[in-house]
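The structure appears right after this line, and notes come after that.
A, B, ... follow the sequence lines: proteins, then strands. Residue 1 opens every chain.
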Amino acid sequence: MALPSRTRVRSRWPRSLRPRRWGTITLTAVVSRGYDEPSPGATRPGPGRGKALLLPILVVLLTGVQGLIWTQLLPPWYGPDEPQHFDYVQILAVTGRVPSPAPARADGRDLPAEVSCSIYRLGFRSSGPFFAEPPYLPSQMTATCHDPAGRGRRPDRLTNPAGEYGPLYYALALPLWAAAAGKQVEVRLEAVRMLGVLLSVIATLCCYLAAFWAFSGRRELAAATAVVYALQPMASQQSAVVSNDALLFALAAAFFWRLFRALRVPPSAGDLALMGALCGLAFAAKPQGALLAMLVPLSLAPSLHSARWSPDALRPAVGRLVVAAVFALGIALADLAVQRWLGGTAVPGALAGSGPRGLHDYLNGLTADSFHYLYFLFVSSFWALFAWLTVGLPWFVYPAIVGVGVLAAIGLSSGLASRRLDGWAIGVAASSALVSSAGLLALEATFFRRTGQLILQGRSFLIALVPVAILLVAGLTSLAPTRWRGVAAAWICAGAASLAIVSGFSLLEALFA
Amino acid sequence: MRRLAAVLPLVIGLVVLLGAAGAHVEPLVRGSDEIDYTHLSPRSLQPGESVTQPIGPQAPGLSRVEFLYSLDAASPAPVHAVVAAGDRVIVDTDLLLTPTPHPRDAQGWFAPLAVGGTVRLEDIAVPAPAANTVRFTLSVPAGGHAIVLWWNPWLGAHAYRDGGPLPSLERPGEHLAVQTEYGPIEGSLAKAPTFADRIAHYGAPWLPAPVLWLLGGALLALVGAVMWLVAVESGDE
């Protein structure tokens, strides 16, 4: 389906969806599109506003429920880098300053005594062997590390590997930490974990909205995309533990909502300002959030294309890009300034310096052992490798995931060739996934030149989960006959749920058996 | 018809998963700190050779012993296993080990777990539980195929017994990667209340075990409702 021209957009789309003064559209107006206008090809009037809201409400509830379950499937401290992230929150709460960035100390003096005690009691060794199971023998279940006087809450050394991150996520966690301030350390940790659940709900709602625009208002496809996103196992884990990944995912999902909306509604200066602000906030959440800024020009491509790239259209477009850049840079600089003011150092460490290793060495590392590292990045650790990379799924699940991806790719190709799929939406989704992935690999290459280490994991690429989910749903549903596309979307939901349930069973087997 | 077809995979999938969970048996509790998965070293056990690893049970009711192995062969290979407590032989059995892909490097340990099952835990039921130290002996018969066993240089604190972990007889500085399990062996579904209690013990106090059951049921109901509505939505097109 070709994207309507700019003039046709204004006349075809209902009044509630036309750009307002600041280019914003209310949530209710978006999700109740069927209330104003029947979907293309419909033979009956669209459903009412209540019915139109039911699907996204159920998807949001599903996200919240499964988020709460995931917070319990991982024992305290079993989330990646969770001790360090929690310590950052606690240092901010107890001292009012952020920790200085430094590698984890072998002597453990950069962790509070109560955290070290709890970690040891639960069988996790931060400076030694890690055994992927807490102890369940009766003698080990009764001791606590409660420190009513609070003396053990501050580490000897106020350094932390997470110290290079800005304080935005950790500041958002402060009210939750404060609500459990008088409780034992594991309860405080669980309280802070609730922030991730809330952020995952916001992220899923934004994913639904992004897919709604990408699929031209087809709610069933938007819901299927949101379910794939919400139930993605690695994203579920990162949103269920104390980690700034949760905030990054939420901001990225909001960004993609605005990006895919721009396919249908020409973005105004206010829209670009919002996108720039989301990029700046994503950088504040985690530095690789800045990669989203490379995707901002995609929002202008459809309207420029319909205007045939005329100078009259290019000039305001460049102006809007400048607006986006100003907002992005402004927020990023503000974050660095706040971090500096709170006693931290504001330089992301991965980008500085050069070393003896070249691009050829890096590419050898990527492709060695039959592309083993790329398989680790984009298959096993992107989809399901939990609890510090020690709990995986039955091995045959990963090739099955690859198979589903291949099917989706075939569906995308055939759908584009037969024009059943919207080329702009698929192009923006594919470009988003590829550009952000390439950006992450480029960052790793600069780090590799200095240290010779490959540092990425699959969860780093979850910033692009919204476009990946859109591509999966678009590709798989386009393989089905038109009358059965809704059934195909339902089966995709079943597949996502099955993967989530198998992941839950694997965690139960590994950590609670 | 299409709506029923929409929710059918979820129902079938649940039946399959619950069936698999019910068929999967395991004891009540697993020993702690017995295998360090980040510091494993491979050693080949050749035909005619044997290894003996003393094990100090961490709880009463030892019911299963598992050892970590790899087997680079085209067909299953026989080994002989003995579990003895003092002079009393508790288990004396032949096992047929399933082949596994050969692991490349113990440093890349995370990859074999995720990529292809390059190592396996083979379990041996212990019918007559022993409270004191037992000896686990594994040998490859003279005409058999060499297997790879995995070794740790140390164990974790929870594996202590009477002054320290027990090294193997053949390699005094190392411990054979052996996992012990205790309590009655039953289906995973029967163990579900135990899972819920353990999760609730270490989890948030506002999510006790009954709430976890409710959340699980709510998740399944919500997924089913979304699938049904998705199929209904498509019927409006």
Side-chain angles (χ1 to χ4, degrees), chain A residues 39 41-42 44 46-47 54-55 58-59 61-62 65-66 68-69 71-72 75-76 122-123 125 129-137 140-141 186-187 190 219-220 223-224 227 369 372 375-376 380 385 389-390 392 395 398 484-487 489-491 493-494 497-498 501-502 505 508 512-513, chain B residues 2 5-7 9-10 13-14 17 21 26 29-39 58-59 104 108 110-111 113-117 152 154 156-158 188 191 195 198-205 207 212 215-216 218-219 222-223 225-237:
Chain A
S39 305
R44 295 177 277 165
L54 185 57
L55 253 180
L58 287 178
V59 173
L61 281 175
L62 185 157
V65 166
Q66 80 110 23
L68 288 174
I69 293 174
T71 62
Q72 305 309 293
L122 284 164
R125 312 284 185 261
F130 173 52
F131 304 92
E133 59 196 58
Y136 289 112
L137 299 170
Q140 282 119 14
M141 290 183 75
E186 293 88 359
V187 176
E190 293 288 350
R219 278 185 298 271
E220 75 278 16
V227 168
D369 293 327
H372 164 74
Y375 184 89
F376 165 75
S380 49
L385 200 53
L389 303 179
T390 59
W395 69 269
Y398 299 99
W484 288 82
R485 291 235 173 102
V487 174
W491 288 1
C493 295
S498 300
I501 292 171
V502 169
F505 280 7
L508 285 178
F512 294 96
Chain B
R2 281 184 295 159
V7 294
L10 184 65
L14 276 176
L17 284 172
E26 54 190 291
V29 68
R30 195 187 309 162
S32 297
D33 286 359
E34 292 177 317
I35 300 180
D36 175 5
Y37 285 96
T38 61
H39 291 87
Q58 298 182 18
R104 283 179 290 272
F110 309 127
L113 277 177
V115 172
N152 280 141
W154 52 64
H158 293 294
S188 297
K191 217 174 152 184
F195 285 138
R198 287 174 178 174
I199 292 170
H201 178 86
Y202 283 113
L207 294 173
L212 293 176
L215 288 176
L219 181 64
L222 284 166
V223 171
V226 168
M227 290 175 64
W228 183 269
L229 282 175
V230 162
V232 168
E233 277 290 328
S234 68
D236 293 338
E237 299 281 325

Which portion of A:Ala489 sits near chain B, non-hydrogen atoms under 4.5 angstrom: both
Closest non-hydrogen contact found for B:Leu207 with A:Leu68 is CD1-O, 4.0 Å
State, to 0.1 Å, how close B:Gly203 and A:Glu190 come at their nearest heavy-atom pair, and which atoms those are. CA-OE2, 3.7 Å
Heavy-atom closest pair (B:Val230 atom, A:Ala223 atom, distance to 0.1 Å) is CG2-CB, 4.0 Å
Work out which heavy atom in B:Ala218 is nearest to a heavy atom in A:Val65; give both atom names and the distance. CB-CG1, 4.3 Å
Main-chain N/O of B:Ala200 paired to A:Gln72 side chain as donor or acceptor, under 3.5 Å: no
Counting only non-hydrogen atoms closer than 4.5 Å, does A:Val227 touch chain B with its backbone (N, CA, C, O), its side chain (CB onward), both, or neither? side chain
Can you say whether B:Leu212 sits under 4.5 Å from chain A via the side chain, the backbone, both, or neither, judging by heavy atoms? side chain
Steps toward side-chain contact (heavy atoms from CB on, under 4.5 Å) verdict (B:Ile199, A:Leu508): CA-CA 9 Å; B:Ile199 292 170; A:Leu508 285 178; 3.4 Å; yes
Quick check for you: to the nearest 0.5 Å, what is the distance between A:Leu54 atom CG and B:Leu229 atom CG? 5.0 Å
Are A:Leu55 and B:Val226 close enough, and set up right, to give a side-chain contact (heavy atoms from CB on, under 4.5 Å), and what steps lead you there? CA-CA 7 Å; A:Leu55 253 180; B:Val226 168; 4.1 Å; yes
